[in-house]
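Comments concern the structure below.
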Amino acid sequence: MAAHFDRAERLTTFRDDVGDLARVLGPLRWRLGLERILVFGVRGLIASALVLIGLLVAAWLLPIANWTEFVWVGVVPLLAALSTALLRWPSNRQAALAADRRLALDERLGTAVELARRARDAYDDDGHRFDRLQVRDAVARARTVPSAWLTLDRQVRREALLATALCVLAAVSLVLPGLPRPGLPVADQIAVIGDVQPSAAPLDRVEPAMADLTLVDAQPIQPADADLAARVQQQQSERDALDGLAQAVGRISTGQAAADAIQRGDFAAARDLLASLGEEADQLSDAAKQQLSRALQQAASATAATDRQLADRERQAAQALSRATYADQRQALRNLADQVARSGARTASADQLARDVGRLQQQAATSAVANGANPTGNAPSRAAPTGAASKGTGPTDPAATGAARGQAGAGSTGQPGGAGVGTGTDPNVLGDQPSRLDTTGQRVEVPTKLSTGPGVRPPDGTEDQTGTDPNLPARNVSELVQSQQTGQVAPEQNLVPGEQRPVVRGYFR
Amino acid sequence: MSLRTPLHGTDDAAAAAAIGQLRGTVEALEREIARVIVGQEIVVRGVTIALLAGGHVLLEGLPGLGKTLLVRTIAHALQLQYSRVQFTPDLMPADILGTNVLLDSAHGGRAFQFQPGPIFANLVLADEINRATPKTQSALLEAMQEQAVTVGTVGHPLPRPFFVLATQNPIELEGTYPLPEAELDRFFFKLQVGFPSRAELSAIIDRTTGPRVEPMAPVADAARVLELQELAREIPLASHVSDYAVRLVLASHPELPEASETAKRNVRFGASPRAAQAMIMGSKIHAVLAGRVNVSFDDVRRVALPALRHRLILNYEAEAKGVTADRIVAELLAAVPEEG
């Protein structure tokens with residue numbers, strides 16, 4: 001029996017040895033392939049986690065309503081890495097070289113694989129003189145060397161730790177879109193600055209109105225006036241944007257409370273109510289959703305020029321209400337609520353806005369009076385400021401809100417104008433031009449008493465004109481209008497000699 | 001048993017026996033040399049590898065370190081025809097190669113007859129080779145490469161195997177002539193013979209001043225050496241190992257894109273293709289002596305230094321800084337990865 005086996009051993013061929021070599025290399029190939037899958041998988045996992053974290057952070061900072069639709073992008077790197085590992089499944093030669101290196105086989109397996117390939121390519125069953133000996137030596141040595149199942153070097157272990165940490169971070173990041181965003185990110189600050197800077201253009205639109213405020217020979221607008229006008233314009237635009245949103249939300253009954261909160265300036269309550277509206281979005285009828293969507297879209301179009309952030313949120317809410325799912329609708333309305341709170345925080349209160357408008361009109365009026373006082377060095381024939389208010393009988397402008405709306409200038413025809421000015425028939429000017437004063441038969445309102453304001457010393461040196469009392473607080477136009485009392489005189493009365501005019505004589509003696 | 005026994009039926013067994021015989025011959029040779037030469041194992045191993053690879057060896061070392069004795073011992077152990085040429089400045093090529101002399105024939109006539117020089121031997125010791133003029137040194141070029149000499153118009157083949165083992169003294173620069181690059185390139189290995197250690201020196205004294213040792217036993221003959229040379233050439237070599245030797249040589253050329261940084265800084269001319277041949281052949285024999293039937297990266301690294309050190313021409317900057325060729329080779333080995 002032993003002789004039989006010995007003969008069988010001798011009759012083995014080089015092909016048998018190559019078969020033994022393949023059997024030795026098989027597990028090594030699997031081992032190396034799995035290691036590659038592991039390494040590529042870890043790296044793909046790192047890339048996927050980074051992509052997912054980036055996506056979630058973007059969805060958090062930027063209002064991406066339908067971010068859940070892009071979550072699959074995070075899986076792409078992992079799948080690509082695994083596919084690459086499978087496509088690069090190790091060959092016999094690669095497995096042999098790796099085994100030679102890791103198991104200290106002194107290039108035995110690599111040489112054996114190459115000898116087997118040469119014999120196969122040359123159709124040589126025996127190979128060269130030492131080929132069989134070498135292949136047998138390689139197989140015997142590979143079978144005796146102990147080897148670990150997986151050989152992970154330090155770098156792979158580090159990458160695995162990094163991948164684990166990033167996966168945890170990515171899992172934590174999943175809650176980011178549900179969290180409130182930071183108060184005012186840098187991007188928003190830049191956006192706000194960008195919104196203010198273009199207000200130089202609205203300033204141009206304000207300047208003609210300022211010009212309307214002036215009398216003849218109006219002085220150029222001072223820089224301080226321009227700043228105030230720009231600020232008033234900006235505040236008014238922001239307020240208008242929120243009012244537009246309030247009107248849009250008020251289109252449906254369930255949004256009426258939020259609309260009221262916006263209009264009365266309670267933006268914290270408005271935010272809560274809008275968020276609540278988002279929570280209950282699934283209870284809205286389709287018709288109500290469509291109506292609210294259209295209204296929000298219109299509001300976004302009207303708001304885009306003044307408050308871009310608010311317009312974006314309105315537009316996203318409109319889109320979400322028109323076609324997206326409940327989660328997106330809730331998220332979009334929540335984003336809109338947060339933006340309302342931010343925009344509201346930036347917006348000045350109604351009182352502050354009214355004060356600013358009043359200051360603006362007061363500055364304009366003061367400038368006009370200064371121009372109308374004595375441009376030629378003679379006593380003016382028109383209205384001039386007085387040092388003290390008197391109780392006149394003329395009608396006053398009750399529309400203080402008109403002044404608050406920035407309707408700089410005089411009142412309408414027949415109504416008394418702003419402080420310290422004579423009013424004519426032209427509502428766009430605050431002082432009558434001489435030609436109009438010369439019109440006989442028309443009634444000209446002449447203030448009989450003016451309140452505080454910059455006075456002009458008469459050229460004769462008398463002290464009839466009093467200056468501004470610095471101790472008195474500034475008063476807006478509406479207050480001035482209410483405090484001023486004007487009398488009406490017939491134009492022909494202005495034609496009598498100066499000493500015979502009761503009012504004028506009283507002023508200039 | 002002949003090493004060229006037909007390998008039918010028991011091919012692998014015959015191959016294993018041949019490998020065993022090669023290894024046994026080398027071990028026996030080294031053992032016999034060790035009876036005479038104390039220490040110098042690396043030098044002995046290098047000379048043995050070069051002999052089995054059919055290459056020539058340049059031994060560099062101080063006088064009195066046993067260089068000549070080593071060569072003579074190898075010649076005795078391998079039963080090779082041995083000759084020694086002491087190179088001097090007035091040595092002429094004809095003194096080495098031989099010349100045609102006018103001789104009286106038995107029939108009363110006269111005819112030129114070639115009288116072979118000392119180079120016609122299996123093992124030629126060119127002692128202090130750098131003392132001869134370049135003209136005489138160049139007389140060895142054809143012999144070392146072609147294993148034949150040409151005198152006049154007639155070529156004369158040299159006996160096989162043919163080895164040249166040259167020695168040179170590195171410190172005596174007066175009256176010496178540096179070997180030309182072409183001559184250096186023809187040496188398979190350049191081995192440096194170091195000074196013996198304290199124990200080795202004591203052993204040398206004991207052995208040379210005590211009773212004479214028994215004469216060494218021959219371990220092989222010229223025919224066996226030729227068979228072993230043929231056998232060594234058949235050792236399998238993988239392509240990626242061969243590529244490693246090639247990349248080492250290419251990395252030594254500063255003008256090539258594969259050049260290493262150290263070569264760019266210190267080398268004027270890199271190693272020749274003979275360097276790659278020497279590394280591969282030496283690696284094969286080194287692998288067999290290490291018990292393998294294939295060449296590994298480690299084999300290439302082991303023989304890289306003696307195969308490359310005399311083939312690198314350093315530039316002036318390297319010479320000024322005292323950078324040696326050995327250091328450059330070490331940096332090349334560190335810079336070139338095994339798997340490129």
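Only this structure's heavy atoms are used, side chains among them; waters, hydrogens and symmetry mates stay out. What you see is a predicted model; the values in this text were computed from it and never measured. Chain A is the first sequence line, chain B the second, and so forth, proteins listed ahead of strands; every chain is numbered from 1.
- Around the CZ atom of B/R233, the shell of radius 6.0 Å holds no more than 12 heavy atoms that belong to other residues, nucleotides or ligands.
- Salt bridge annotation for A/D106-B/R292: present, with a cationic side-chain nitrogen under 4.0 angstrom from a carboxylate oxygen.
- When all heavy atoms are compared, the tightest approach of A/F130 to B/P236 is CB-CD, 3.8 Å.
- At least one side-chain heavy atom of B/S239 sits under 4.5 Å from a side-chain heavy atom of A/R93.
- Annotation for A/R143: atom CZ counts as buried by contact number, over 12 foreign heavy atoms lying within 6.0 Å.
- Contact annotation for A/L97: both backbone and side-chain heavy atoms come within less than 4.5 Å of a heavy atom of chain B.
- Between B/G291 and A/R108, the shortest heavy-atom contact is O-NH2, 4.2 Å.
- Here the straight-line distance linking atom CG of A/L105 with atom OG of B/S296 works out to 11.0 Å at 0.5 Å rounding.
- Surrounding CZ of A/R36 are more than 12 heavy atoms belonging to other residues, nucleotides or ligands, all under 6.0 Å away.
- Of the atoms belonging to A/E114, it is side-chain heavy atoms, and not backbone ones, that fall under 4.5 Å from chain B.
- Counting heavy atoms of neighbouring residues, nucleotides and ligands inside a 6.0 Å radius, atom CG of B/L333 exceeds 12 of them.
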Side-chain atoms of residues 44-52 of chain A: list all donor-acceptor pairs with protein atoms under 3.5 Å, sequence neighbours left out, distances to 0.1 Å.
unit_1: A/S48; atom_1: OG; unit_2: A/G44; atom_2: O; d: 3.1
unit_1: A/S48; atom_1: OG; unit_2: A/G74; atom_2: O; d: 2.7
unit_1: A/S48; atom_1: OG; unit_2: A/L78; atom_2: N; d: 2.9

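- Using a cutoff of 4.0 Å between basic side-chain nitrogens and carboxylate oxygens, A/R101 and B/E339 are scored as salt-bridged.
- Checked by atom type and distance alone, the side chain of A/E107 never pairs as donor or acceptor with a backbone atom of B/V295 at under 3.5 Å.
- Heavy atoms of B/L237 lying under 4.5 Å from chain A belong exclusively to its backbone.
- Nearest approach of B/A238 to A/T111, heavy atoms of both residues: CB-OG1, 3.4 Å.
- For chain A, the option among B/D299, B/N294, B/V293 with the highest count of heavy-atom pairs below 4.5 Å is B/N294.
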